[in-house]
Asks: 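Dropping a structure here in structure tokens format, bear with me for questions.
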Amino acid sequence: MSKEKSMEKLTSLCKRRGFIFQSSEIYGGINGFWDYGPLGVELKKNIKDAWWQDMVRNPPLGPDGEAIEMVGLDCSIIMNPRVWEASGHASGFSDPMVDCQTDNCKGRFRSDKIQDMVCPLKPSKCPGQFEKCQLTEARQFNLMFQTYVGAVQDSSSMAYLRPETAQGIFANFKNVLDSSRLKLPFGIAQIGKAFRNEINPRNYTFRSREFEQMEIEFFCHPQDSMKWYQWWRETRLNWYSSLGIRSEKLLPREQEKEELAHYSIGTTDIEYLFPFASTPQELEGVAHRGNYDLTQHQLHSKQDLTYFDEESWEKDKANRVTNSFREWVKDKSAEEISKYQFLPHVIEPSAGADRFTLAVLCEAYYEDKQPDEKGVLQERVVMKFHPRLAPIKAAILPLVNKDGMPEKAMKLFKELKPHLPIYFDDKGAIGRRYRRQDEIGTPFCITIDGQTNQDSTVTIRDRDSLEQIRIPIDRVHHEITTRLTAKPK
RNA sequence: GCGGGCGUAGCUCAGUGGUAGAGCGUCACGUUGCCAACGUGAAUGUCGUGGGUUCAAAUCCCAUCGCCCGCUCCA
């Protein structure tokens with residue numbers, strides 16, 4: 001299947017079944033913004049919940065088999081604009097550009113580098129020197145959305161919608177440290193919306209202007225930072241696999257030196273081979289940011305953001321005349337001090353919730369052939385979501401609408417409803433109902449049939465294998481729960 | 001931002017100046033003891049939006065918005 005065709009099929013299914021809609025569609029839409037429908041919101045919520053559960057509430061054991069400390073945070077989207085001066089987003093990342101409007105040129109150039117560039121029409125000259133050049137004024141291409149705080153719109157009230165959740169974590173580093181009795185190493189996690197004026201939104205929801213991030217800032221001792229960098233890289237990769245992403249489509253890629261952001265010592269992109277692209281695209285960046293961010297915020301806020309390593313200080317007690325750090329520090333070099341008081345290094349696994357949701361949708365889409373009632377192979381569309389992520393976990397179906405089957409099915413449905421997202425369907429032929437569930441990725445179908453009347457058993461059908469087994473009706477809840485947490489095949 | 005293609009029912013699409021269509025889906029009733037395209041019936045469109053040309057526009061022209069592809073961009 002061509003890449004255009006397979007994305008078309010997926011986007012049409014997403015709309016038809018209520019996973020993803022274009023934002024403000026009845027008004028003609030808006031480029032780069034998307035809405036999640038009834039099934040999409042469940043899917044995305046399951047993804048965010050899985051991340052929170054597996055990274056924050058119950059993270060895996062650390063590199064030496066030790067438990068690691070993780071806490072959460074939920075910061076405001078609009079912050080003091082000075083945050084973005086400190087982070088570099090306000091100044092460093094928006095280059096003034098000029099466009100050439102000459103008919104067969106239409107080039108775009110960075111205005112600060114224009115002397116070093118070559119005019120596409122007259123290679124002996126720079127853009128602007130050739131008599132036919134029609135350059136526009138230099139225009140600022142700012143990636144951040146601007147807004148105004150308060151009713152009066154002037155420059156003093158200007159603010160930005162955050163372009164990443166990370167800076168809220170750095171800005172709260174001291175607050176979390178002072179309120180949570182945490183010691184290095186520890187991580188602070190946040191899930192939240194971020195906004196970027198992407199120059200060119202493309203590829204369905206992949207490059208959107210409003211998106212949701214799942215970010216961790218993991219603070220550690222500078223000496224251990226490489227160890228933690230490696231560990232997070234592996235941990236994050238494993239997480240994607242545990243949710244059913246095939247390893248051959250999931251590729252970690254160490255960024256080249258030239259590619260690295262100026263603050264980063266190393267970054268690994270975890271990339272996924274989407275059907276719309278011929279090369280893998282970034283799902284998550286695991287970046288070693290050193291102490292760049294805390295340094296910047298310390299500088300701009302003039303607040304002390306250092307960490308005092310009580311443990312090392314106590315350990316070296318015997319070698320000192322005083323136990324007062326304030327006293328001791330007076331005649332010491334910066335290097336000596338930094339043994340006890342320093343800015344932690346940071347490993348940042350930053351994942352895109354919408355990008356991963358899209359990857360999950362792409363990964364789940366299958367067309368296969370299954371026999372119909374006459375044994376003739378018929379095409380089937382099935383979303384093979386990992387059961388943990390599936391929006392609906394099970395459908396409760398009476399085989400036919402008589403002999404008390406619908407009543408029994410409804411009773412079971414009502415019993416399970418408070419515990420699981422499930423669906424009741426008694427419309428049309430049973431085969432059609434199974435296929436409908438396949439298309440929205442429901443992993444299990446529970447069917448109440450004639451035998452249920454005799455021995456109180458029902459069948460449970462597996463979405464992928466179509467296999468059915470009989471289980472007692474009072475074991476249904478247990479059986480589904482068990483299967484939801486099973487490892488992917 | 002540039003160039004090309006496209007926009008008709010929920011989805012996929014036919015319809016090139018003269019009555020708005022098909023398949024699937026949806027809903028109702030019937031049928032249906034296990035894997036959709038069984039029967040009967042029904043609903044659904046100011047043909048993306050705005051303007052223009054014309055006796056007459058889904059169809060031609062202009063603008064605009066959105067989608068897809070290729071560049072450009074992506075701290």
Side-chain angles (χ1 to χ4, degrees), chain A residues 2-5 7-9 11-18 21-33 37 84 87-95 97-110 120 136 139 141-144 163-164 196-204 206-207 209 259-264 267 276-277 281-282 285 287 369-382 397-403 405 426-439 445 447-453 458-459 461-463 465-468:
Chain A
S2 74
K3 57 185 187 179
E4 288 83 17
K5 196 75 198 164
M7 279 312 283
E8 266 170 41
K9 286 184 170 186
T11 54
S12 116
L13 182 145
C14 283
K15 168 143 202 218
R16 193 156 34 88
R17 293 302 191 189
F21 307 125
Q22 193 184 10
S23 170
S24 359
E25 191 186 301
I26 61 168
Y27 291 101
I30 177 167
N31 198 353
F33 298 90
W84 310 112
S87 70
H89 288 85
S91 54
F93 306 139
S94 63
D95 303 311
M97 307 284 270
V98 291
D99 291 315
C100 181
Q101 303 195 310
T102 308
D103 271 353
N104 37 9
C105 178
K106 305 289 188 190
R108 170 176 285 178
F109 317 96
R110 278 176 62 160
T136 59
R139 288 178 292 188
F141 281 70
N142 197 323
L143 89 152
M144 286 195 290
E164 60 177 33
R196 289 181 204 182
N197 259 318
E198 292 283 357
I199 287 177
N200 197 351
R202 272 295 159 88
N203 291 327
Y204 204 25
F206 183 81
R207 191 176 293 175
R209 290 186 163 131
E259 253 183 298
L260 287 176
H262 58 284
Y263 51 75
S264 183
T267 297
F276 59 72
Q281 304 288 313
E282 180 183 355
K369 294 221 190 292
Q370 299 294 348
D372 65 10
E373 55 185 340
K374 298 179 193 74
V376 181
L377 286 177
Q378 300 288 353
E379 191 156 285
R380 174 178 82 137
V381 173
V382 53
L397 316 167
L399 182 60
V400 286
N401 287 318
K402 53 185 178 189
D403 301 340
M405 292 179 210
D426 62 355
K427 300 284 191 299
I430 187 72
R432 181 187 291 268
R433 283 180 272 158
Y434 285 145
R435 295 297 167 88
R436 237 193 312 249
Q437 294 304 319
D438 291 341
E439 209 185 26
C445 287
T447 305
I448 284 73
D449 59 14
Q451 199 178 323
T452 310
N453 282 329
V458 297
T459 61
R461 165 192 183 268
D462 182 88
R463 175 196 65 202
S465 66
L466 273 60
E467 213 170 70
Q468 280 180 297

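These numbers come from a predicted model, not from an experiment. Proteins come first, then strands; the chains are lettered A, B, ... in the order of their sequence lines, and each starts at number 1. Heavy-atom basis, side chains included; hydrogens, waters and symmetry copies ignored.
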Asks: With side chains defined as the heavy atoms from C-beta onward, is the minimum distance between Arg432(A) and Lys427(A) less than 4.5 Å?
Replies: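 They are not in side-chain contact.
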Asks: Can you identify which nucleotide, out of rC11(B), rC35(B), rC71(B), has its nearest atom closest to the Lys15(A) side chain?
Replies: rC11(B)
Asks: Checking contacts here: which listed nucleotide (rC34(B), rU26(B), rU32(B)) is nearest the side-chain heavy atoms of Val400(A)?
Replies: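 Among rC34(B), rU26(B), rU32(B), the one nearest the side chain of Val400(A) is rU32(B).
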Asks: What's the closest nucleotide to the Arg436(A) side chain, out of rU12(B), rC34(B), rU26(B)?
Replies: rU26(B)
Asks: For the side chain of Asp449(A) and the backbone of Thr459(A), is there at least one donor-acceptor N/O pair under 3.5 Å apart?
Replies: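 Pair absent, no side-chain N/O of Asp449(A) close to backbone of Thr459(A).
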Asks: What I want to check is whether an N or O donor and acceptor connect the side chain of Arg202(A) with the base of rG70(B) at under 3.5 Å.
Replies: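 Pair found.
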Asks: To the nearest 0.5 Å, how far apart are OG in Ser87(A) and CE in Met144(A)?
Replies: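 It is 6.5 Å, given to the nearest 0.5 Å.
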Asks: Spell out, as yes or no, whether a donor-acceptor pair under 3.5 Å connects the side chain of Arg433(A) to the backbone of Pro398(A).
Replies: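 Yes: the side chain of Arg433(A) pairs with the backbone of Pro398(A).
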Asks: Heavy-atom count check: over 12 atoms from other residues, nucleotides or ligands less than 6.0 Å from Glu379(A) CD?
Replies: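 More than 12 within 6.0 Å, yes.
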Asks: In whole Å, what separates the P atom of rG23(B) from that of rU59(B)?
Replies: 25 Å
Asks: Any chance you could measure Tyr434(A), atom OH, to Thr447(A), atom OG1, to the nearest 0.5 Å?
Replies: 2.5 Å
Asks: So, Asn453(A) side chain and Asp403(A) main chain: donor-acceptor pair closer than 3.5 Å or not?
Replies: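 It does hold such a pair.
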Asks: Considering only the P atoms, how many Å lie between rC6(B) and rG15(B), rounded to the nearest integer?
Replies: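 12 Å, rounded to whole Å.
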Asks: Please state the C1' separation for the pair rG17(B) and rC11(B) - nearest whole angstrom.
Replies: 29 Å
Asks: How far, in whole Å, is rG33(B) from rC13(B) if one measures between their P atoms?
Replies: 36 Å
Asks: Please give the distance between the P atoms of rA58(B) and rG48(B) as a whole number of Å.
Replies: 10 Å
Asks: Tell which nucleotide pairs with rC2(B), taking only Watson-Crick or G-U wobble pairs whose two distances are both under 3.5 angstrom.
Replies: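 Across all strands, the one nucleotide that pairs with rC2(B) is rG70(B).
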Asks: Using both distances under 3.5 Å as the test, list the Watson-Crick or G-U wobble partner of rA56(B), or none.
Replies: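 The base-pairing partner of rA56(B), which may sit in any strand shown, does not exist here.
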Asks: Please state the C1' separation for the pair rU12(B) and rA37(B) - nearest whole angstrom.
Replies: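 So the two C1' atoms sit 15 Å from each other.
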Asks: Nearest to the Ala429(A) side chain among rC34(B), rA36(B), rU32(B), which nucleotide is it?
Replies: rU32(B)
Asks: Determine whether any donor atom in the side chain of Arg196(A) lies under 3.5 Å from an acceptor atom in the base of rC74(B), or the reverse, and answer yes or no.
Replies: no
Asks: Among rU72(B), rA75(B), rC35(B), find the nucleotide with the atom closest to the side chain of Glu164(A).
Replies: rA75(B)
Asks: Between rC34(B) and Asp449(A), counting only base atoms on the nucleotide and side-chain atoms on the residue, is there a donor-acceptor pair under 3.5 Å?
Replies: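 Donor-acceptor pair under 3.5 Å: yes.
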Asks: Keeping the roles fixed (side chain from Arg196(A), backbone from Pro163(A)), state whether a donor-acceptor pair exists under 3.5 Å.
Replies: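 Yes; judged by distance alone, with no hydrogens or angles, the pair exists.
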Asks: Does rU72(B) have OP1 or OP2 under 4.0 Å away from a side-chain N or O of Asn200(A)?
Replies: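 For rU72(B), neither OP1 nor OP2 has a side-chain N or O of Asn200(A) closer than 4.0 Å.
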Asks: Is Gln468(A) touching bases, backbone alone, or none of the nucleic acid, heavy atoms closer than 4.0 Å?
Replies: base
Asks: Looking at every strand, decide which applies to Tyr204(A) at a 4.0 Å heavy-atom threshold: base, sugar-phosphate, or nothing.
Replies: sugar-phosphate
Asks: In Watson-Crick or G-U wobble terms, both distances under 3.5 Å, what is the partner of rA37(B)?
Replies: none
Asks: By nearest heavy atom, map Thr447(A) and Gln378(A) onto RNA chain B; which one lands nearer the 5' end?
Replies: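 Looking at RNA chain B, the more 5' nearest nucleotide goes with Thr447(A).
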Asks: What integer distance in Å separates Asn401(A):CG from rG30(B):P?
Replies: 10 Å
Asks: Using a distance-only criterion (donor-acceptor N/O pair, under 3.5 Å, no hydrogens), is the base of rC74(B) paired with the side chain of Arg207(A)?
Replies: yes
Asks: Select one nucleotide: of rC67(B), rG33(B), rC35(B), the one nearest the side-chain heavy atoms of Gln22(A).
Replies: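 So the side chain of Gln22(A) is nearest to rC67(B).
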Asks: So which one's nearest nucleotide on RNA chain B is more toward 5', Lys427(A) or Ile30(A)?
Replies: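 That would be Lys427(A).
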Asks: Specify the separation, in whole Å, of atom CZ of Phe206(A) and atom P of rC73(B).
Replies: 17 Å
Asks: Lys9(A) has an atom NZ; how far is it from atom P of rG25(B), in whole Å?
Replies: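 So the two atoms are 16 Å apart, to the nearest Å.
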Asks: Can you tell me the pairing partner of rG7(B) across any strand shown, Watson-Crick or G-U wobble, with both distances under 3.5 angstrom?
Replies: rC65(B)
Asks: Please measure how far the C1' atom in rG45(B) lies from the corresponding atom in rG10(B), and state the result in whole Å.
Replies: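 It comes out at 12 Å once rounded to the nearest Å.
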Asks: Is the base of rG33(B) syn or anti, where syn means the angle lies within 90° of 0?
Replies: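 This nucleotide is in syn.
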Asks: If I pick the C1' atom on rU54(B) and the same atom on rC2(B), what distance separates them, to the nearest angstrom?
Replies: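 So the two C1' atoms sit 35 Å from each other.
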Asks: Tell which nucleotide pairs with rU26(B), taking only Watson-Crick or G-U wobble pairs whose two distances are both under 3.5 angstrom.
Replies: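 Partner of rU26(B): rA42(B).
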Asks: How would you label the contact of Arg435(A) with the nucleic acid (heavy atoms, under 4.0 Å): base, sugar-phosphate, or nothing?
Replies: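 The residue Arg435(A) makes base contact.
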Asks: Can you check whether any acceptor in the base of rC68(B) is under 3.5 Å from a donor in the side chain of Glu8(A), or vice versa?
Replies: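 No pair found.
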Asks: Mind checking Glu379(A) for me? I need base, sugar-phosphate or nothing, with any heavy atom below 4.0 Å counting as a touch.
Replies: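 Base contact.
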Asks: The side chain of Asn203(A) is closest to which nucleotide in this list: rG33(B), rG10(B), rC69(B)?
Replies: rC69(B)
Asks: How many whole angstroms separate atom CD of Glu467(A) from atom C1' of rC34(B)?
Replies: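 Checked: the CD to C1' distance equals 15 Å.
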Asks: Report yes if a side-chain nitrogen or oxygen of Arg17(A) is closer than 4.0 Å to either non-bridging phosphate oxygen (OP1 or OP2) of rC11(B); otherwise report no.
Replies: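 Checking Arg17(A) against rC11(B): no side-chain N or O falls below 4.0 Å of OP1 or OP2.
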Asks: Between the base of rC65(B) and the side chain of Tyr27(A), is there any donor-acceptor pair under 3.5 Å?
Replies: no
Asks: Let's test this: given Watson-Crick or G-U wobble pairing with both distances under 3.5 Å, identify the partner of rU16(B).
Replies: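 Across any shown strand, rU16(B) pairs with none.
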Asks: Checking contacts here: which listed nucleotide (rC35(B), rC13(B), rG33(B)) is nearest the side-chain heavy atoms of Leu466(A)?
Replies: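 When the side chain of Leu466(A) is considered, rC35(B) is the closest of rC35(B), rC13(B), rG33(B).
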Asks: Among residues at least two apart in sequence or on other chains, which ones pass salt bridge (Lys or Arg N to Asp or Glu O under 4.0 Å) with Arg461(A)?
Replies: Asp438(A)
Asks: Measure from the side chain of Leu399(A), starting at C-beta and using heavy atoms only, and say which of rC34(B), rG66(B), rC11(B) lies closest.
Replies: rC34(B)
